[in-house]
Number of protein chains: 2
Amino acid sequence: MQKTEPRSVSLESGDVPAARRLRKRTDEIVDAIKRTIMDHGLEPGDRLPQEKDLIEQYSASKGTIREALKSLEVQGLVRLRTGPGGGAFVVHMSEGRAMSLLGNYLFSKKMTIADIYELRKALEPLVAASAMDNIDEAGFARLEATIEIYDHQARDAEERWAQRMAELDFHAVVAEYSDNALLAFQCRFCQRLLKELAVCRDIYVQPQPVMRQRGIEYQRALIEAMRAGDRDKVQQIMREHMAHAEEQMLALEAEMEQRFIE
Amino acid sequence: MQKTEPRSVSLESGDVPAARRLRKRTDEIVDAIKRTIMDHGLEPGDRLPQEKDLIEQYSASKGTIREALKSLEVQGLVRLRTGPGGGAFVVHMSEGRAMSLLGNYLFSKKMTIADIYELRKALEPLVAASAMDNIDEAGFARLEATIEIYDHQARDAEERWAQRMAELDFHAVVAEYSDNALLAFQCRFCQRLLKELAVCRDIYVQPQPVMRQRGIEYQRALIEAMRAGDRDKVQQIMREHMAHAEEQMLALEAEMEQRFIE
DNA sequence: CCCAATTTGTTCGTATGTATC
DNA sequence: AGATACATACGAACAAATTGG
C-alpha cells in the first residue's frame, strides 16, 4: 500500500490550475519552495537556503526571490530574520495570523450576531465537553481568575469593556483545553468576531447589569459540571449559556436601534 | 537613546500593533494601504494608485512598493494586472484562497477523521436547515444531478474517486444556499479537509459498496424533507447521515490499518 | 494583425541596517 | 569594538503583458 503520496496536501490550488495561464515567476518559486518544505518534511526552526542560494537555485533575481519569500511570510509559513545565521525559517502559522487572514475573507460578508451565535450554540458545548477531558486544576484556576475580572460592577466604560473581553476570554481558555484543533479554532474565531464586529463593540460600551450576573452563574455551574466529569450536563449548561447570551445581545442590539431611531 | 528591545520575540500578534517599535517599511506601507481601502470604503473593482504614484506617495522604492502589493495580493485583498489601465484592484478574497490559507494553519495540527466529523455532525444539520429557507427548484435539481454521479456501481478506481468527491459536493451545494456565510464556510472547509487529508484519500480508493447506497437514501430523504419545509426532520436526517458516514469512515480506516499490520 | 502606448514584472548594481561572533 | 553575514532598501534599466488604434 502506498502510504505517502508524492502529491500531498494543501498546495495553494486556489483558482488557476496552471495549465491555462503562464504563471508568474514569483508564484512558481513560491510553489517550488512550498513543495520543498512539504517534501523534505521541514519543521519549524529549520532554515531554508539563503537568498543568495535561492537566487542561484532558481536563476531569479534578488527582488523576485524576495517577493516569493514575502509571500511565504504573509502566508505564515516562514519567518525572515536578518543577521548572521539569519534567513528564512520555517514556522507554524500562529492562530492570530490564521484568524486575521480568515477575517479578510469574511470582511466582505455581512455577519450578524444571530449568525455567529448560531455557530456558538453548536460549537461551544462541544469544546466544553472536549476540554473537560484534558483540563486540570491549573486550568480551573485560570477560569476562575478570568471570572474574577467581571465579578463586580465596573467603575467606568473602560473597565466595562475589559469585562466584556474577559467574558469572551473565558471561553477562549476553555477552548485551549480541547484536543480538537479545528473545533477549538472555529470556536475561538467566533469569539474574535464578537470582539471585533462594529455592532458588538457598540453594544459592549453600554451598561448591562443583568447579563453579567447570569453569565457568571452559568460559568460557575459549568466549572462544577466539568469537575464532576458530567459530560451531558456540561453541554446542557453551555447550550443554555449561549442561548441566554444571544438573547441578551439581540435585545441590546434592538434597544440600541430603537434609541437610534428616536 | 532609543534602543531596540531584545525581547521582540514571537508574540506575532498578526494584527496592527500600535506605533510601537521599528517596523519594516514594507509592512508599514501594507497597513497604510489597508487603511486606505477601509477608510475610503473601496469595493471590489476599484483601483488603487499605480506603482509609480505609490512610490511617490510613500517615498519608497519600486521594490518595496511591489513587496507591499504582493503582500496584499497574497492576503487576497487586491489583484494585480498589467497593461494599460492595469494596476492593483480591490477584490474580495475567494473562498478557495481562504481555505488554502486556513489549511496552512491546520497543516501542523494533526486532524483525525473523528475531529472533522465532530464538527460535521454539529454543522451540517444547521446548514441544511438554513439552506432550506433559500433553496429553489434549480437547487434541488443540482442536488439530484449530483446524486446521479454516484447512484451506480463505479467501473474503476478513477470513477470511484470521482464518486467520493461528488458525495462531498452534495453537501457543498447545500451549503451554497445558506445565508450564514460563516456557517457555510466552516462546513465547506470540513468537506475540503475530507477531500485532502491523506488518510481519507487512502480510504476513498477502496471499494465500499454499503456506504454509497445508504448515503443516497439519507440524501433523498433530506431533499424530500427540505421540499416539505420540515426543519426538524431535515436536521434529524442530516444528523443521522453524518453519524452514519463517520461510522463508515472510521470502520474503513480501522480495516485499512488492520490490513497494513498484516 | 501589427504597432505603439501603458503599466506591471524582473534584473542588476549598490548601499544601508541589523544581528552574531 | 570591529568584522562578518545576512536581510532590507534604493534606483535605473529592461522585459513582458495588455489594451486600443
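Hydrogens, waters and symmetry mates play no part in the numbers below; they use all other heavy atoms, side chains included. Quick note on labels: first sequence line is chain A, next is B, and so on, each numbered from 1. Keep in mind that this is a model prediction, so the values were computed, not measured.
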**Report entry** Verdict with reasoning, A:Ser71 to A:Glu67, per side-chain hydrogen bond (donor to acceptor under 3.5 Å, both in side chains)
**Finding:** CA-CA 6 Å; A:Ser71 171; A:Glu67 272 187 48; over 6 Å; no
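Residue A:Arg79 contributes atom CZ, which lies 14 Å from atom P of D:dA7 at whole-angstrom precision. Remark: C1' of C:dT10 and CG of A:Leu54 are 16 Å apart, rounded to the nearest angstrom. A:Phe89 has its CZ atom 13 Å from the P atom of C:dA19, to the nearest Å. Going from atom CD1 of A:Ile65 over to atom P of C:dC12 covers 11 Å, rounded to whole Å. Atom-to-atom, OH of A:Tyr58 to P of C:dT11 comes out at 14 Å; the value is rounded to the nearest Å. One interatomic measurement links the two molecules: CD1 of B:Ile29 to P of D:dT8, which rounds to 14 Å at whole-angstrom precision.
Between atom CG of residue B:Leu193 and atom CD of residue B:Glu196 there is a gap of 7.0 Å, rounded to the nearest 0.5 Å.
For the pair B:Leu182 and A:Phe189, the minimum side-chain heavy-atom distance is below 4.5 Å.
In this structure, the side-chain hydrogen bond (donor to acceptor under 3.5 Å, both in side chains) partners of A:Tyr150, at least two apart in sequence or on a different chain, are A:Gln219. The side-chain hydrogen bond (donor to acceptor under 3.5 Å, both in side chains) test applied to A:Glu118 returns B:Asn180, not counting sequence neighbours.
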Query - Under 4.0 Å protein heavy-atom contact, by nucleotide of nucleotides 2-9 of chain C - B base, S sugar-phosphate only - result: ---BBBSB
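The minimum heavy-atom distance linking A:Ala60 with A:Ile65 is given by the pair CB-CD1, 4.0 Å.
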